[in-house]
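Just below is one structure, and these are the notes that go with it.
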Amino acid sequence: MHNTVRRAFLLLFVVGAFVAGTVILGFSFFRNSEEWATHRANNHLYSGGQISAAGTIYDCNEKILAQTKDGKRYYSTDSAVRKATLHAVGDTEGFMSTGVHALFESELTGYNIVSGTYYLSKFGIGNDINLTLDSNVCKTAYNALNGRKGTVGVYNYKTGEIICMVSTPSYDPENKPDKDTMNSDKYKAAYINKFLSSSFTPGSTFKIVTSACAIENIPDIYERTFTCDGELEVGGTKVICNGKHGKQTFEKALNNSCNSAFAEIAIELGKTKMQKTAEKMGLTSSFEVDRVPLSKGTADFTKAVDIDMGWAGIGQYTVTANPCMMMTLMGAVANGGETVRPYYVKSITTPKGFSTYKASEKRADEINLNYDTAEKLQELLRSNVVNYYGENVFPGLEMCGKTGTAEVGDEKTGDNAWFVGFSQKENFPYAIVVLIENSSSSARQAAIPVANTVLQSIGG
Ligand SMILES: [Zn+2]
């Protein structure tokens with residue numbers, strides 16, 4: 001009797017352990033099978049550790065950006081397009097974590113929980129991915145950067161479609177430089193998509209944030225005048241201006257990008273209000289662009305004294321900003337505070353033609369800009385182009401925008417040249433960011449021509 005009870009308990013234990021084991025196995029199969037199946041050792045998908053068999057990646061005009069032929073992965077037939085779209089498409093070796101090859105690996109290989117990678121193993125085909133990028137505009141941007149390091153991004157601020165996303169240095173994936181060359185200064189950070197994954201000192205483009213803070217917190221800002229004699233003295237130290245602008249209104253001070261005026265405004269606003277506005281405008285936040293979390297910018301003024309706030313107000317001090325977030329902020333201003341989140345993966349289609357994913361318009365709640373402030377910023381940024389840069393630098397585009405020449409490192413390395421802006425043309429709802437690192441010329445001379453060339457190539 002005693003033995004029977006013991007055996008019954010033992011049997012119950014064994015059965016229980018079996019059930020538990022099955023559940024755990026099933027659960028872990030469900031969770032990890034995708035990873036197991038697409039593991040780099042799986043020879044159906046990879047040859048020599050490189051992704052080989054996968055679906056085709058298209059740009060917005062159905063031009064092929066990457067495809068598999070006879071078990072080998074090929075890119076666009078145009079080498080400039082290959083370089084211009086490399087950070088969006090991704091390499092085949094897995095160095096570029098933000099490319100579609102890595103991010104949408106299981107979709108490209110056609111994996112699903114029921115048939116595994118059946119289609120790929122049997123027919124050598126995976127799902128196709130259509131991007132929103134226009135490879136021609138990307139190529140124009142890549143060529144306009146002309147060997148300089150930086151990034152260019154353009155998106156439709158009504159729909160969220162990114163049509164241009166270029167990061168340099170890049171390389172030709174079908175003719176990759178050798179390891180030593182890749183490790184040289186010329187190819188430094190070549191695997192990083194700077195548009196999504198880096199943050200930079202914003203320089204004078206940050207005066208847009210300081211302006212928004214002033215509009216919301218200084219009731220008579222439009223009646224004020226600011227006098228610039230080439231520098232602003234703050235408790236024994238100086239913020240140096242780029243010129244002697246004399247007596248100016250708030251609008252004129254932004255046109256002139258006057259450091260004296262904006263340092264003075266930021267000091268008056270103080271660190272709490274300035275930090276709150278920078279946060280509200282999304283600069284310290286991140287959201288995902290497809291599956292890539294944006295690099296967060298920084299605006300931490302907790303320990304700032306007056307002179308620090310002077311520098312912060314003109315986008316120096318410890319302020320940094322992500323290029324994609326700056327572009328999205330421009331979209332928010334253009335859209336009267338309605339912020340559409342940018343994306344570049346439009347749809348995914350199975351070998352049988354079924355759509356498994358279609359991008360939808362999403363709000364970017366990380367940017368909180370009210371209608372009134374957005375409208376006033378539109379007027380100010382339009383005034384910059386009309387009254388300062390000149391309409392002729394953006395022919396026919398009805399552009400609004402702001403340049404920024406951000407000091408980084410010493411004089412020898414040069415400054416970072418920015419342009420951020422948007423078109424107000426009804427049928428041309430595009431916002432843009434251009435960043436050229438270590439530029440030998442000013443943002444006005446370096447970044448504006450790139451922005452114009454890229455925008456003029458849209459739809460062409
Ligand atoms: Zn000045």
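Just the heavy atoms: all of them, side chains too, but no hydrogens, waters or symmetry mates, feed the values below. Each ligand, and each atom within it, is numbered from 1 in the order the structure gives.
No side-chain donor from either of T298 and D300 sits under 3.5 Å from a side-chain acceptor of the other. A side-chain N or O of Y389 and one of T403 form a donor-acceptor pair less than 3.5 Å apart. A donor-acceptor pair shorter than 3.5 Å can be found between the side chains of S383 and N387.
In terms of the side-chain contact (heavy atoms from CB on, under 4.5 Å) criterion, residue partners of K247 (sequence neighbours excluded) are, by chain and number, T225, T227.
Under the 3.5 Å distance criterion, the side-chain polar atoms of N259 are matched with a main-chain donor or acceptor of I240. Counting only distance, with no hydrogens or angles, the side chain of S167 and the backbone of K194 share a donor-acceptor pair below 3.5 Å.
Around the Zn ion (ligand 1), the protein N, O or S atoms closer than 2.8 Å are C228 SG, C241 SG, H245 ND1, C258 SG, listed by chain and residue number.
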